[in-house]
Chemist: 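Got a structure for you, written out below as structure tokens; questions coming shortly.
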Amino acid sequence: MAIEQTFSIIKPNAMKKNVIGKIVDKFESADLKIAGMKIMQISEDLAKEFYAEHKERPFFGELVSFMTSAPVAVMVLQGENAITRNREIMGATNPAEAAEGTIRKLYGDSVGENAVHGSDSPDSAKREIQLFFESSEILNT
Ligand code: CDP
Ligand code: MG
């Protein structure tokens, strides 16, 4: 299995809980390396571009306003099979359905305010990393 990079966001509701360290520990404990990380405020334009695949969904407006409501932490995670393994560590989209010990089970509040984002495929990972990071901000592989 190849080393992959994937994109992660600690969403505003989790930032307010002051659990950046606890979330990063979940990744590092699973042997995923933090290859890039910064705290930022997402603009409305960036949120709309990032979630463009969902623009026709009924929750799109609420999602954009939540993601721009407060700062987030964005990360590039790197490791063996990182894309799929990050999704497993995050848990199901709806925290009520997420497995015990997953980030969304621990820190998610609702299907919308579900604590973290993680890329769902190699193409998404590439697109999302490029949207948020310059190559100079990411560790060399
Ligand atoms: O984030 P994930 O890939 O697990 O789920 P998604 O289906 O790609 O949806 C993107 C995001 O939209 C979710 O993480 C939720 O924050 C939000 N969402 C929502 O507010 N209501 C839904 N019914 C589904 C998703
Ligand atoms: Mg998704």
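Heads up: numbering here begins at 1 and tracks the sequence. Indexing begins at 1, ligand by ligand and atom by atom, following the structure's order.
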Chemist: For I9, which of M15, H117, M40 qualifies under side-chain contact (heavy atoms from CB on, under 4.5 Å)?
Modeler: H117
Chemist: Do side-chain atoms of E128 reach the backbone of F7 as a donor and acceptor pair under 3.5 angstrom?
Modeler: no
Chemist: I need the contact residues for ligand 1: any residue with a non-hydrogen atom closer than 4.0 Å to the ligand, ordered by chain then number.
Modeler: K11, Y51, H54, F59, L63, R87, T93, R104, V111, G112, N114
Chemist: Going by the side-chain contact (heavy atoms from CB on, under 4.5 Å) test, name the single residue among M75, R85, Q78 that passes it with F27.
Modeler: M75
Chemist: What's the separation between atom CD1 in I83 and atom CG in L77, rounded to the nearest 0.5 Å?
Modeler: 10.5 Å
Chemist: Cation-pi check, K38 to F133: give yes when NZ or CZ is under 6.0 Å from the six-membered ring centre and within 45° of the ring axis, no otherwise.
Modeler: yes
Chemist: Please determine whether a side-chain nitrogen of the Lys or Arg among D109 and K16 lies less than 4.0 Å from a carboxylate oxygen of the Asp or Glu.
Modeler: no
